[in-house]
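Take a look at the structure below.
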Amino acid sequence: MEQTKRIKISVLTIFPGMFDILKNYGVIKKAIEKELVEIDIFNLRDYTTDKHKITDKPGYGGQNGMVMLAEPFYRFYDEFILSKSHKPYIVLPSPQGKVFNNDLAFELAKKEELVFFCGRYEGIDERVKKIVDKEVSIGDYVLTGGEIPTMVIIETLLRFLPGVIGSKTSVENDSFYNGLLDHSHYTKPQNFRGMKVPEILLSGNHERIETFRKKESLLKTILKRPDLFIKKELSEEEKKVLIVLIQEMFNENSNILKESHDV
Ligand code: 6GU
C-alpha cells in the first residue's frame, strides 16, 4: 500500500464559480471523493469592508486600470490563516513570479496546506506580497487573472500525491519527471489507416520494450527539447542506451563515419 498523504488547498478569488471546472471532472474529482485532497474556494468579496463589496480601486500614480485592494486579502489572512496552528503556505500566481515547472509542483505537493490568492485586472496592491510565501508564474505571457494559473498549478501538483494517479509508475514515466520527454503511446488497432504500432511493443519482451522506450525518450528529448537534454544528468543505463542508439545509426549509415575520415 502506498502511504496516503492528504493535502488541503484553499483558494481566494472573486470568481469562485470558475473552480467548478477544476473540482468536478476526472482525476481531481476522484481525488476529492477519495479524500486525498480538500479544495475550498473562498469569495474575496466576503472579506470586503464596504456595502458594495468593492475589491479594487484605481491605482495610484496615474496609471490606467484598477488595482486589487490589500484589505480583503489581509482580512482573510487574519480570520482564516492566523487562526491555524500550522501556517499554510501562501502562493500568489503572478507573471512576476518564479516560473512554474514540475520540480516546483513536486515541492508544493509536499506541503500540508496551501492557499492561493487570485489577483485580477492590472494587479494586486504590492503590500499583499508581504503575507505571501511564493509568487509563481506559469510562463512568459500575461493572463487577465490568477484563476487559470491556480488551476494549472493545483492540477500539476496533485498528480504527485500518491493515489491521485492510478499507478506511481505512470507518473514517473511522464514527460519531465526524470528530465526527459515521455515515450510514445499506442492502443488498438494494431494497424490504423495503414499506420502500424512498432512491432517491438507487441513482442511481449519487457526488457526490449523498456530499452526501446528509453531510446525513444532520449531521442525525442534531444530532437524536440535540447534545452532539457543539456540539463539532464544521464544515468549509466541511459548512457548505455545512447551508445547503442548511436552505434545502430552508424551501422545503418556508416558513410557518415567514412566521410568524416576522408576530409
Ligand atoms: Cl500566475 N498570472 C497572470 N495573471 N498571468 C500570468 C501568470 C500568472 N503566469 C503567466 N502569466
Side-chain angles (χ1 to χ4, degrees), residues 1-3 5 26-27 97-110 134 136-141 149 152-263:
M1 244 321 251
E2 280 168 352
Q3 181 200 342
K5 177 190 182 295
V27 159
K98 183 178 155 88
V99 178
F100 188 59
N101 61 17
N102 240 21
D103 294 340
L104 183 49
F106 194 76
E107 289 308 308
L108 292 177
K110 289 184 194 160
K134 198 164 212 91
V136 179
S137 162
I138 61 161
D140 293 341
Y141 42 82
V152 168
I153 297 167
I154 293 175
E155 154 124 19
T156 312
L157 73 90
L158 286 183
R159 302 185 76 264
F160 286 116
L161 278 199
V164 169
I165 301 294
S167 84
K168 196 160 169 255
T169 45
S170 65
V171 176
E172 287 173 358
N173 285 338
D174 275 340
S175 288
F176 307 116
Y177 187 87
N178 57 6
L180 296 174
L181 299 181
D182 194 7
H183 58 76
S184 52
H185 299 265
Y186 297 89
T187 184
K188 287 176 192 300
Q190 281 184 25
N191 184 336
F192 175 70
R193 301 191 178 193
M195 294 174 277
K196 297 201 180 102
V197 174
E199 203 115 329
I200 198 160
L201 299 181
L202 314 171
S203 70
N205 184 332
H206 293 294
E207 210 171 303
R208 285 187 62 210
I209 291 173
E210 205 40 46
T211 307
F212 173 79
R213 288 183 161 161
K214 289 227 171 75
K215 264 188 219 166
E216 257 208 329
S217 233
L218 286 160
L219 200 54
K220 275 192 184 206
T221 311
I222 290 169
L223 295 176
K224 294 185 178 182
R225 291 293 306 273
D227 58 311
L228 283 183
F229 188 75
I230 285 168
K231 280 190 264 170
K232 161 84 182 156
E233 280 181 29
L234 292 171
S235 68
E236 200 165 303
E237 195 196 358
E238 286 161 343
K239 286 182 195 166
K240 282 184 188 157
V241 170
L242 264 186
I243 289 171
V244 172
L245 185 67
I246 292 170
Q247 284 172 339
E248 284 170 355
M249 282 169 58
F250 276 73
N251 287 343
E252 284 165 22
N253 206 354
S254 50
N255 281 345
I256 304 173
L257 206 55
K258 280 203 197 108
E259 277 170 20
S260 63
H261 278 283
D262 291 344
V263 178

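As the structure is a computational prediction, the values presented were derived from the model and not from experiment. Side chains included, hydrogens not; waters and symmetry mates left out as well; all remaining heavy atoms used.
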Discussion item. Under the side-chain hydrogen bond (donor to acceptor under 3.5 Å, both in side chains) definition, can you give me all pairs with a residue in residues 187-200, not counting sequence neighbours?
Written reply: none

Gap between atom [atom2] of [Y] and atom [atom1] of [X] - 0.5 Å precision:
X      : Y      : atom1 : atom2 : value
Leu181 : Ile222 : CG    : CD1   : 10.5 Å
Leu219 : Met249 : CG    : CE    : 7.5 Å
Phe229 : Leu242 : CZ    : CG    : 5.0 Å
Ser184 : Leu201 : OG    : CG    : 7.0 Å
Lys239 : Leu245 : NZ    : CG    : 16.0 Å

Pairwise side-chain contact, [X] with [Y], heavy-atom cut-off 4.5 Å (strictly under):
X      : Y      : answer
Asn205 : Ile200 : no
Val244 : Lys240 : no
Leu234 : Leu218 : yes
Asn101 : Phe176 : no

Discussion item. Suppose we screen for side chain to side chain donor-acceptor pair (under 3.5 Å). Which residues come up paired with Lys110, at least two apart in sequence or across chains?
Written reply: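 Counting only residues at least two positions away or on another chain, Lys110 forms a side chain to side chain donor-acceptor pair (under 3.5 Å) with Glu107.
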
Worksheet item: Which residues pass the side chain to side chain donor-acceptor pair (under 3.5 Å) test with Ser235, sequence neighbours left out?
Response: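 Per chain and number, Ser235 pairs via side chain to side chain donor-acceptor pair (under 3.5 Å) with Glu238.
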
Practice prompt. Please name the pair of heavy atoms, one in Phe100 and one in Ile138, separated by the smallest distance, quoted to 0.1 Å.
Written response: CB-CA, 4.2 Å

Worksheet item: Can you name the nearest heavy-atom pair linking Ile209 to Gly204, along with the distance?
Response: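 Answer, listing the atom of Ile209 first, then Gly204: CD1-N, 4.2 Å.
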
Restricting to salt bridge (charged side-chain N to carboxylate O under 4.0 Å, His left out), what partner residues turn up for [X], sequence neighbours left out?
X      : result
Glu210 : Lys214
Arg213 : none
Lys98  : none
Lys220 : none

Worksheet item: Does His185 have any ring-ring contact (aromatic ring centres under 6.0 Å, His included) partners at least two apart in sequence or in another chain, and if so, which?
Response: His183

Fill in: Contacts of Phe106 that satisfy ring-ring contact (aromatic ring centres under 6.0 Å, His included) - sequence neighbours left out
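Result, ring-ring contact (aromatic ring centres under 6.0 Å, His included) vs Phe106: Phe160.
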
Worksheet item: Does atom CG of Asp140 have more than 12 heavy-atom neighbours, drawn from other residues, nucleotides or ligands, at distances under 6.0 Å?
Response: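 Atom CG in Asp140 is not crowded, with 12 or fewer foreign heavy atoms closer than 6.0 Å.
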
Worksheet entry | Under 3.5 Å: donor-acceptor pair, side chain of Lys232, backbone of Asn178 |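 Looks like yes, one N/O pair under 3.5 Å.
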
Worksheet item: Any donor and acceptor pair, going by atom type alone, linking the side chain of Thr221 with main-chain N or O of Leu180 inside 3.5 Å?
Response: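 Such a contact is absent between Thr221 side chain and Leu180 backbone.
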
Discussion item. Let's go through Leu104 and Lys134 carefully: what are the C-alpha distance in whole Å and the side-chain angles of both, what is the deciding distance for side-chain contact (heavy atoms from CB on, under 4.5 Å) to 0.1 Å, and is it a yes or a no?
Written reply: CA-CA 11 Å; Leu104 183 49; Lys134 198 164 212 91; 3.8 Å; yes

Fill in: Counterpart residues, side chain to side chain contact (heavy atoms under 4.5 Å, CB included), relative to Phe192 (two or more places apart)
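Residues passing side chain to side chain contact (heavy atoms under 4.5 Å, CB included) with Phe192: Pro189, Met195.
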
Worksheet entry | Counterpart residues, side chain to side chain contact (heavy atoms under 4.5 Å, CB included), relative to Thr211 (two or more places apart) |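 For Thr211, the residues satisfying side chain to side chain contact (heavy atoms under 4.5 Å, CB included) (neighbours in sequence not counted) are Lys215, Val241.
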
Discussion item. Tell me which one of Asn102, Leu108, Val164 satisfies side-chain contact (heavy atoms from CB on, under 4.5 Å) with Leu157.
Written reply: Leu108

Practice prompt. Give every residue pair that meets the salt bridge (charged side-chain N to carboxylate O under 4.0 Å, His left out) criterion with at least one member in residues 158-167, sequence neighbours excluded.
Written response: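 Every salt bridge (charged side-chain N to carboxylate O under 4.0 Å, His left out) pair that includes a residue of residues 158-167, provided the two are not neighbours, is Arg159-Asp174.
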
